[in-house]
Protein chains: 2
Amino acid sequence: MAEKAGVSLGTVSNAINRPEILAPETLKRVRKAIDELKFIPNASAQTLRAGKTRILGLVVPDISNPFFTDLAKGVNDAALLAGYVVILCNTDEDSEKEDHYIDILAGQNVRGILITPAHETNKRLNEISKRGIGLTLVDRPSIGLDTCSVEVNDAHGGLLALEHLYERGHRKIMCLTGESDIPQVAERERGMREAISRIPKADRPTIITQRIPMMTADSASTVMSEHIAEKGLNFTAVICGNDLVAFGAIRAIRAAGYSIPEDVSVIGYDDIDFAANATVPLTSIAQPKYQLGYAAAELVISECENPEKHAHQKIQFQPHLIVRNSTRSI
Amino acid sequence: MAEKAGVSLGTVSNAINRPEILAPETLKRVRKAIDELKFIPNASAQTLRAGKTRILGLVVPDISNPFFTDLAKGVNDAALLAGYVVILCNTDEDSEKEDHYIDILAGQNVRGILITPAHETNKRLNEISKRGIGLTLVDRPSIGLDTCSVEVNDAHGGLLALEHLYERGHRKIMCLTGESDIPQVAERERGMREAISRIPKADRPTIITQRIPMMTADSASTVMSEHIAEKGLNFTAVICGNDLVAFGAIRAIRAAGYSIPEDVSVIGYDDIDFAANATVPLTSIAQPKYQLGYAAAELVISECENPEKHAHQKIQFQPHLIVRNSTRSI
DNA sequence: CCATATTATTGAAACGATTTAATAAAGAAG
DNA sequence: CTTCTTTATTAAATCGTTTCAATAATATGG
């Protein structure tokens with residue numbers, strides 16, 4: 001330690017953290033020594049003493065999905081502004097990996113965790129809060145858990161998608177989506193049912209639900225190919241769980257010899273940047289991805305900085321429909 | 001601490017770090033207590049004692065670019081395997097932000113830094129190595145710096161692109177790329193010159209170099225629009241700095257009333273997943289993105305774990321051409 | 001059954017900062 | 001010249017681990 005200045009290390013600490021209590025003369029001396037020695041306080045020691053870092057953990061199921069990339073950008077930007085830094089954890093929708101990462105983050109003493117749980121809400125999350133680590137659920141409702149959450153009105157998104165297709169004359173609609181234990185999936189389906197209930201009984205469309213194990217293009221493509229092979233093209237439109245799924249579905253439909261949107265209308269979800277540039281520009285339900293991440297980061301940070309005054313809150317954004325060429329009237 | 005097991009904390013430490021020296025019976029007891037108390041070792045204390053963290057910093061210019069997303073995934077996976085964790089830093093190609101992040105990472109005592117410097121090699125990086133922080137340059141040659149690097153043969157990539165267009169009859173080629181102070185850009189141009197030098201003098205294509213301030217679709221689109229407005233379509237093909245730039249260029253060319261590939265052939269770089277699904281499936285120079293990140297992480301980690309035995313090395317991958325529909329013969 | 005070798009466990013020091021209580025020095029008041 | 005304030009600095013405790021030397025317990029051999 002820099003006793004080069006001829007002072008005790010307590011004084012050095014004061015020079016850094018409460019310069020006002022030092023005699024101006026001493027302060028100058030210490031500062032000079034700090035500069036000369038290029039002294040940088042050891043973050044681990046500070047953390048150990050203080051019990052708190054300035055690190056956040058961001059746990060997402062698939063960072064390859066531009067939705068989460070944009071979200072991560074929002075998180076990073078908000079964090080940087082508040083002097084925080086973000087550890088990125090990619091779970092590949094694997095619950096075990098998710099648990100493992102959560103343990104690691106806890107070990108790293110992260111101040112807060114932002115997570116989009118891959119499946120139904122993770123039990124480990126309860127312990128997180130108890131450990132005094134801030135927690136905010138991203139793009140997931142906080143069912144059962146006493147935490148903050150930032151979400152998009154998924155029921156409304158489902159409703160928008162269905163109404164759009166109904167208005168264009170579609171009556172046999174496939175819903176290509178994830179497992180029903182994902183709250184988000186359930187919510188969108190609820191929204192679709194709501195839309196259907198508003199339609200005169202005789203004219204109601206039928207829904208074919210086809211679940212895929214992972215929300216990726218490959219997974220979607222495989223399932224769609226199998227479906228068509230088994231049951232033929234028994235639908236005129238597809239509502240997809242996200243845009244990547246839509247790309248996969250489109251690939252499979254084309255491979256089976258059909259075209260988009262002539263034979264099948266396809267609607268995506270998220271409105272990632274590429275949706276506009278896709279082979280067939282994709283109709284999609286847009287979500288404010290960056291803002292979602294930004295707001296979530298602000299939430300945890302506020303929780304971390306002010307645990308007593310903090311009241312858990314839920315921020316909900318509204319999705320909206322972007323019509324492009326992948327859907328058409330029949 | 002878990003003296004629930006009725007042992008000293010030294011024994012707990014041993015149970016975790018050198019289980020073989022404990023009596024099997026004691027070990028069992030301690031492990032039970034660890035499970036029950038959900039004990040997770042405090043990383044700050046470990047770090048303080050050991051003098052080293054298990055955190056890596058990854059600094060990239062644009063995490064929205066799928067190239068870097070895939071790379072980040074590779075880094076994350078390799079890091080996880082070695083028990084490391086990654087702090088993600090997105091610089092938006094801004095040198096100041098880059099410097100700021102490097103300082104933050106140094107303050108966090110990261111064990112190693114993986115960086116793709118936005119511009120010419122950053123001076124701050126020299127200090128990094130001196131501080132005992134591992135350093136590996138990703139997708140950039142380590143000019144002047146004494147570090148490891150993982151790169152792709154950019155000269156060869158440039159050569160491949162140019163040869164491809166030349167073979168298809170293009171003699172007026174625009175090169176839509178970044179500032180020449182980016183080593184990578186310079187290398188690719190060198191490769192293109194090399195390709196040209198192999199062509200009989202009379203038949204050599206002319207190159208119109210158009211530089212863009214940022215490697216994004218928007219930036220590319222703006223520059224391309226202006227170019228066409230000013231000078232018309234004075235080229236038959238475009239070699240782009242990356243696939244996003246290619247998308248931007250295509251957008252602008254179409255907005256000016258021309259079509260791809262009928263009027264202009266466009267070739268991208270990186271071969272991001274989406275290139276295959278683009279409006280016009282994009283011809284591109286593929287790079288092993290994930291492997292690049294994975295190898296880079298392995299390199300820093302090896303440097304970190306074995307500083308004395310470590311010899312800096314350069315790993316170079318080869319790019320290859322993927323031909324799709326955005327380029328054609330004239 | 002004692003002396004010695006072996007094994008298992010523990011106690012205490014160390015890592016590098018922050019913080020609080022104690023001390024030293026200087027100034028003001030009586 | 002004391003005594004009391006005020007201000008400036010320091011010493012020591014603390015955070016949660018790891019590690020090494022020391023001790024306790026057990027086994028082995030003579």
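Protein chains get the first letters and strands the later ones, always in sequence-line order, with residue 1 at the start of each.
- Between the side chains of Asn109(A) and Ser44(B), at least one donor N or O lies within less than 3.5 Å of an accepting N or O.
- Take the nearest nucleotide of DNA chain C for Leu48(B) and for Leu27(B): the residue whose nucleotide is more 5' is Leu27(B).
- Here side-chain hydrogen bond (donor to acceptor under 3.5 Å, both in side chains) pairs that include residues 57-71 of chain A, with residues two or more places apart or in two chains, are Ser64(A)-Lys73(B).
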Using the rule given for side chain to side chain contact (heavy atoms under 4.5 Å, CB included), can you reason through Thr53(B) versus Gln108(A), listing the C-alpha separation, both sets of side-chain angles and the distance that settles it, and then say yes or no? CA-CA 9 Å; Thr53(B) 56; Gln108(A) 291 289 347; 5.9 Å; no
Check residues 17-25 of chain B and write down every donor-acceptor pair under 3.5 Å in which the side-chain atom is one partner and the other belongs to a residue at least two apart or another chain.
residue, atom, partner, partner atom, Å
Asn17(B), ND2, Ser13(B), O, 3.1
Asn17(B), ND2, Ser13(B), OG, 3.4
Arg18(B), NH1, Asn14(B), OD1, 3.3

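- Under the side-chain hydrogen bond (donor to acceptor under 3.5 Å, both in side chains) criterion, the residue pairs touching residues 290-301 of chain A are Asp77(A)-Tyr290(A), with sequence neighbours excluded.
- Atom-to-atom, CZ of Arg54(B) to C1' of dT17(D) comes out at 15 Å; the value is rounded to the nearest Å.
- Atom CG in Leu22(B) sits about 9 Å away from atom P in dT10(C), given to the nearest Å.
- Following rounding to the nearest Å, Ile21(B) (CD1) and dC20(D) (C1') show an atom-to-atom distance of 11 Å.
- Within a 6.0 Å radius of NE2 in His310(B), more than 12 heavy atoms belonging to other residues, nucleotides or ligands are found.
- Residues passing the side-chain hydrogen bond (donor to acceptor under 3.5 Å, both in side chains) test with Arg54(B): none are found, sequence neighbours excluded.
- A straight line from CD of Glu25(A) to C1' of dA26(C) spans 16 Å, rounded to a whole angstrom.
- Put simply, the residue from Val86(A), Val85(A), Leu56(A) that forms a side chain to side chain contact (heavy atoms under 4.5 Å, CB included) with Ile87(B) is Val85(A).
- Atom pair Asn109(A):CG and dC15(D):P shows a separation of 14 Å (rounding to whole Å applied).
- Rounded to the nearest 0.5 angstrom, His119(B) NE2 and Glu179(B) CD are separated by 8.0 Å.
- Computed from C1' positions of five pairs at each end, the angle between the two local axes of the helix from dC1(C)-dG30(D) to dG30(C)-dC1(D) equals 60°, rounded to 10 degrees.
- The residue Ile40(B) sits close only to the backbone: its heavy atoms come under 4.0 Å of sugar-phosphate atoms, none of a base.
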Do any N or O atoms of the protein come closer than 3.5 Å to N or O atoms of nucleotides 18-22 of chain C, and which pairs are they?
residue, atom, partner, partner atom, Å
dT18(C), OP1, Asn17(A), ND2, 3.0
dT18(C), OP1, Gln46(A), NE2, 3.2
dT18(C), OP2, Ser13(A), OG, 2.8
dT18(C), OP2, Asn17(A), ND2, 3.2
dT18(C), O2, Arg49(A), NH1, 2.2
dT19(C), O4', Arg49(A), NH1, 3.2

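- For Asn42(B), the side-chain atoms get nearest to dT17(D) when compared with the rest of dG11(C), dA17(C), dT17(D).
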